[in-house]
Asker: 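Take a look at this one; I'll ask things after.
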Amino acid sequence: MIDNRLHFLRDTAFREDASKVRTGHGPENMATLRSFAIDQLRAAGHTNIAAALREMSLRPFERPLTLLGLS
């Protein structure tokens, strides 16, 4: 059940099913990166991942780094 919810979230927030990455380890690596992004947003206290992604996109060269503690 948890895996299904995570896949649904990755698909709706990141359009995972529409991804053109299809060869080698690319799909697995991208799924890992998407899951990492979701985990980091949740750890920062965001409950609505779509809204958090929109907020992060307002200043794409600053906010993601701040979220990771790299600024």
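The analysis underlying the following values was restricted to heavy atoms, covering all of them including side chains, and did not include hydrogens, waters or symmetry mates.
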Asker: For a quick test of reading the model, state the closest non-hydrogen atom pair linking Ile49 to Ala13 and the distance between them.
Answerer: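 The pair with the smallest heavy-atom distance is CG2-CB, 4.4 Å.
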Asker: Looking at every non-hydrogen atom in both residues, tell me the closest pair between Ala44 and Leu67 and how far apart they are.
Answerer: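 Closest approach of Ala44 to Leu67, heavy atoms only: CB-CD1, 3.1 Å.
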Asker: Is any side-chain heavy atom of His7 closer than 4.5 Å to a side-chain heavy atom of Asp17?
Answerer: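 They are in side-chain contact.
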Asker: side-chain contact (heavy atoms from CB on, under 4.5 Å) for Met56 and His46? Distances and angles first, verdict last.
Answerer: CA-CA 11 Å; Met56 291 294 133; His46 295 281; 4.2 Å; yes
Asker: Identify the heavy atoms of Thr23 and Pro27 that sit nearest to each other, and give their distance.
Answerer: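 Reported closest heavy-atom pair: O-CD, 3.5 Å.
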Asker: Using a cut-off of 6.0 Å, state whether more than 12 heavy atoms not belonging to Arg15 lie near its atom CZ.
Answerer: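 Not buried by this count: 12 neighbours or fewer within 6.0 Å.
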Asker: Could you measure the distance from the CG atom of Leu53 to the CZ atom of Arg63? Nearest 0.5 Å is fine.
Answerer: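 Here the interatomic distance stands at 12.5 Å.
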Asker: Stepwise, does the side-chain contact (heavy atoms from CB on, under 4.5 Å) test hold for Arg34 with Met30?
Answerer: CA-CA 6 Å; Arg34 290 178 185 115; Met30 290 304 298; 3.5 Å; yes
Asker: Apply side-chain contact (heavy atoms from CB on, under 4.5 Å) to Leu58 and Arg54, showing your working.
Answerer: CA-CA 7 Å; Leu58 293 176; Arg54 286 190 296 272; over 6 Å; no
Asker: Quick check on the hydrophobic clustering: are Leu65 and Phe36 connected, directly or via other members, by side-chain heavy-atom contacts under 4.5 Å?
Answerer: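 Yes, it is one cluster - the side chains of Leu65 and Phe36 are joined through contacts under 4.5 Å.
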Asker: So which atom in Glu16 and which in Asp11 form the shortest heavy-atom distance, rounded to 0.1 Å?
Answerer: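 Of all heavy-atom pairs spanning Glu16 and Asp11, the closest is N-OD1, 3.5 Å.
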Asker: Please check: side-chain N/O of Thr12 versus main-chain N/O of Leu9, any donor-acceptor pairing under 3.5 Å?
Answerer: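 The answer is yes, because a donor-acceptor pair under 3.5 Å joins these two groups.
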Asker: Taking all non-hydrogen atoms of both residues, which atom of Pro64 and which atom of Arg59 are closest, and how far apart?
Answerer: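 Minimum heavy-atom separation between Pro64 and Arg59: CD-O, 3.8 Å.
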